Peer 1: 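Quick one: structure below, then a few questions.
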Amino acid sequence: MNNKKFLAAVVGLGLVTLSACGSSSDDSKSSGSKSVTLVSHDSWAVSKSVLADFEKKSGYQVKVLEDGDAGQAVNKAILTKDNPQGDVFFGVDNTLLSRALDNGLFQSYEAKGADRIKAGYRVDGDKVTPIDTGDICVNYDKAYFAEHKLQPPTSYDDLNKPAYKNLLVTENASTSSPGLGFLLGSAAKYGDDGWQGYWKKLKANGVKVVDGWEQAYNEEFSGSAGGKKAKADRPLVVSYASSPPAEVIYADPKPKTAPTGVAQGTCFRQIEYAGLLSNAANAKGGKALLDFLLTTEFQQDMPLNMFVYPVVNGAQVPAEFTQYGPQAKNPETMDPAKIADNRDDWVKSWTSLVLK
């Protein structure tokens with residue numbers, strides 16, 4: 001979730017976000033079984049000490065290739081599946097999972113520790129492994145709404161009220177995972193026959209669409225640290241329920257309360273998966289890496305690095321995370337089969353409706 005990499009925009013915290021150069025398949029072959037490559041979206045992050053522990057125990061050197069927003073990364077992985085850029089792909093979520101599976105992106109492997117995954121996040125088959133979960137929600141800039149003596153929105157319906165005209169920025173549903181999640185959330189809320197009418201109103205109310213989360217959150221949203229520096233003018237943004245704690249944790253000095261809030265009635269539940277890429281050059285190393293992603297050590301490292309929730313039983317979440325970024329109580333959800341049947345048509349309709 002998805003969803004999240006505030007560190008690059010706010011401060012450097014000694015987290016590992018390596019970028020592999022050239023073909024990871026060539027790298028794996030040239031270094032034998034000592035090198036394993038993870039392909040991900042650009043929100044991947046892990047503590048140096050945690051990754052170093054895995055490398056020491058496994059004997060593998062991990063290389064990370066970040067490939068843009070989740071939607072872009074998945075599309076590129078599909079296009080290169082016959083000669084993959086790496087061994088493991090991390091970051092395909094429930095909004096895009098069927099596209100990856102239908103295109104044969106992954107080969108079968110049941111990761112060690114899969115029996116510890118909470119029941120609500122398990123999937124049929126062994127092509128992908130659930131790794132984390134989060135909620136895609138509209139965030140708001142508390143200072144803006146206090147200054148304008150305006151109550152922040154709390155629901156999808158609120159976003160179309162005149163009081164919030166020209167205040168919202170969201171991501172492109174065809175290229176961005178949170179953008180697609182927001183579209184699916186509206187489809188779950190208003191149904192097959194109602195979501196288009198909702199977006200017509202949203203467009204008329206001045207919603208702004210940008211390519212990806214980094215631009216929306218760190219350049220357009222006035223409530224983020226990056227947005228303040230960029231003099232952003234949009235006090236509403238599609239982001240994550242876990243975004244506010246980052247604004248506290250990485251601020252210097254730290255505020256007593258989060259400067260941003262979450263419109264709880266605008267959330268859509270996201271689950272992120274990882275899988276062993278078909279034709280991976282180092283399948284053995286890829287399997288070891290997938291096993292690592294389910295360890296308690298990695299699962300407990302995720303919240304303050306990627307601002308997502310763990311999916312395995314027994315993994316603890318930091319107090320700051322639960323205080324400032326609790327999971328949504330009643331997020332919108334959608335059956336994966338329904339997403340698979342409708343996603344592409346909905347995105348085409350959304351593109352024609354909102355971007356043209």
Side-chain angles (χ1 to χ4, degrees), residues 1-6 8-9 40-45 66-75 90-97 99 131-141 153 156 159 168-189 195 199 202 207-221 223-224 226-227 232 234-247 260-273 302 306-309 325 327-328 331-334 339 343 346-347 350-351 354-355:
M1 357 212 86
N2 81 66
N3 87 107
K4 295 184 291 188
K5 189 174 174 183
F6 300 85
S40 176
H41 51 57
D42 56 16
S43 291
W44 161 267
E66 296 179 354
D67 246 345
D69 207 310
Q72 296 170 322
V74 170
N75 289 339
F90 165 80
V92 59
D93 63 39
N94 51 314
T95 69
L96 296 167
L97 181 59
R99 179 183 296 171
I131 303 298
D132 65 72
T133 184
D135 297 311
I136 296 169
C137 313
V138 170
N139 285 202
Y140 59 86
D141 178 356
Y156 285 97
L159 297 174
L168 175 66
V169 58
T170 188
E171 301 84 0
N172 190 324
S174 67
T175 59
S176 166
S177 178
L180 178 56
F182 188 55
L183 166 59
L184 294 178
S186 67
K189 174 69 174 178
W195 72 265
W199 277 93
L202 208 58
V207 65
K208 183 175 184 177
V209 179
V210 297
D211 286 339
W213 179 87
E214 291 282 355
Q215 182 182 357
Y217 192 87
N218 291 317
E219 297 179 21
E220 302 288 346
F221 177 47
S224 70
R234 294 266 165 165
L236 296 173
V237 64
V238 173
S239 189
Y240 294 85
S242 55
S243 299
E247 296 295 340
T260 60
V262 172
Q264 285 283 334
T266 65
C267 299
F268 180 81
R269 178 62 47 86
Q270 182 185 51
I271 304 168
E272 284 191 307
Y273 307 89
M302 289 192 305
M306 292 190 282
F307 292 85
V308 289
Y309 272 81
Q327 287 184 294
E332 297 292 339
T333 59
M334 186 176 290
I339 295 176
R343 181 193 55 241
W346 283 347
V347 169
W350 178 91
T351 300
V354 180
L355 300 184

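Bear in mind that the values here come from a model prediction, so they are computed numbers and not experimental data. Residues take their numbers from the sequence shown, with the count starting at 1. Reckoned from all heavy atoms, side chains included, excluding hydrogens, waters and symmetry mates.
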Peer 1: Taking all heavy atoms of M302 and all of I131, pick out the closest pair and write down the distance.
Peer 2: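 Heavy atoms of M302 and I131 come nearest at CE-O, 3.3 Å.
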
Peer 1: Do you know the tightest heavy-atom contact between N139 and Y217?
Peer 2: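 Here N139 and Y217 meet closest at OD1-CE1, 4.2 Å.
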
Peer 1: Can you measure from OH (Y156) to OG1 (T266) and round to the nearest 0.5 angstrom?
Peer 2: 6.0 Å

Peer 1: Once side chain to side chain contact (heavy atoms under 4.5 Å, CB included) is applied, do any residues pair with S40, and if so which ones, sequence neighbours excluded?
Peer 2: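 So S40 forms a side chain to side chain contact (heavy atoms under 4.5 Å, CB included) with W44, F90.
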
Peer 1: To the nearest 0.5 Å, tell me how far L184 CG sits from K189 NZ.
Peer 2: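 One gets 15.5 Å once the value is rounded to the nearest 0.5 Å.
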
Peer 1: Roughly how far apart are D93 CG and L180 CG, rounded to 0.5 Å?
Peer 2: 7.0 Å

Peer 1: Hey, are the side chains of V262 and C267 touching, using non-hydrogen atoms and a 4.5 Å cut-off?
Peer 2: yes

Peer 1: Are the side chains of F221 and S239 in touch, meaning some heavy atoms are under 4.5 Å apart?
Peer 2: no

Peer 1: Looking at residues at least two apart in the chain, or sitting in another chain, which of them share a side chain to side chain contact (heavy atoms under 4.5 Å, CB included) with V209?
Peer 2: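 Residues passing side chain to side chain contact (heavy atoms under 4.5 Å, CB included) with V209: T170, N172, W350, V354, L355.
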
Peer 1: Closer than 3.5 angstrom, by distance alone: can the side chain of R269 be matched with the main-chain N or O of T333 as a donor-acceptor pair?
Peer 2: no

Peer 1: Looking only at heavy atoms, what is the nearest atom pair of L96 and G71, with distance?
Peer 2: CD1-CA, 3.7 Å

Peer 1: Nearest 0.5 Å, what's the OG-CD distance between S177 and E272?
Peer 2: 6.5 Å

Peer 1: Among E214, Q215, E220, find the residue that satisfies the side chain to side chain donor-acceptor pair (under 3.5 Å) test when tested with N218.
Peer 2: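 Exactly one option meets the side chain to side chain donor-acceptor pair (under 3.5 Å) with N218, and it is E214.
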
Peer 1: Are side-chain N/O atoms of N75 and R99 paired as donor and acceptor at under 3.5 Å?
Peer 2: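 Side-chain D/A pair, N75 to R99: present.
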
Peer 1: For the residue pair P244 and A241, what are the closest heavy atoms and their distance?
Peer 2: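 Closest approach of P244 to A241, heavy atoms only: CD-O, 3.4 Å.
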
Peer 1: Would you say the side-chain atoms of S176 pair up with the backbone N or O of G212, donor to acceptor, closer than 3.5 Å?
Peer 2: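 Side chain of S176 to backbone of G212: no pair is present.
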
Peer 1: If you compare all heavy atoms of E171 against all heavy atoms of V238, which two are closest, and at what distance to 0.1 Å?
Peer 2: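 Closest pair (atom of E171, atom of V238, distance): OE2-O, 2.6 Å.
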
Peer 1: Just wondering, do V169 and V207 contact through their side chains at under 4.5 Å, heavy atoms?
Peer 2: no

Peer 1: Counting C-beta onward and ignoring hydrogens, is there a side-chain heavy-atom pair between H41 and D67 closer than 4.5 Å?
Peer 2: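 In short, these two side chains do not touch, never coming nearer than 4.5 Å.
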
Peer 1: Kindly compute the distance separating CD (Q72) from CG (D211), expressed to the nearest 0.5 Å.
Peer 2: 7.0 Å

Peer 1: Between D132 (side chain) and Y309 (backbone), is there a donor-acceptor pair under 3.5 Å?
Peer 2: no

Peer 1: So, do P245 and F307 sit near enough that their side-chain heavy atoms are less than 4.5 Å apart?
Peer 2: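 Side chain of P245 against side chain of F307, heavy atoms only: contact under 4.5 Å found.
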
Peer 1: Shortest non-hydrogen contact from V347 to S174?
Peer 2: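 In this case the closest contact between V347 and S174 is CG1-CB, 3.6 Å.
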
Peer 1: What distance separates T95 OG1 from M334 CE, expressed to the nearest 0.5 Å?
Peer 2: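 Answer for the OG1-CE pair, T95 versus M334, is 10.5 Å.
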
Peer 1: When F182 is tested against each of W195, W199, W346 for ring-ring contact (aromatic ring centres under 6.0 Å, His included), which residue passes?
Peer 2: W199

Peer 1: Between M306 and S43, is any pair of side-chain heavy atoms under 4.5 Å apart?
Peer 2: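 No - every pair of side-chain heavy atoms lies 4.5 Å or more apart.
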
Peer 1: Report the residues that fulfil ring-ring contact (aromatic ring centres under 6.0 Å, His included) with F268, sequence neighbours left out, ordered by chain and then residue number.
Peer 2: none

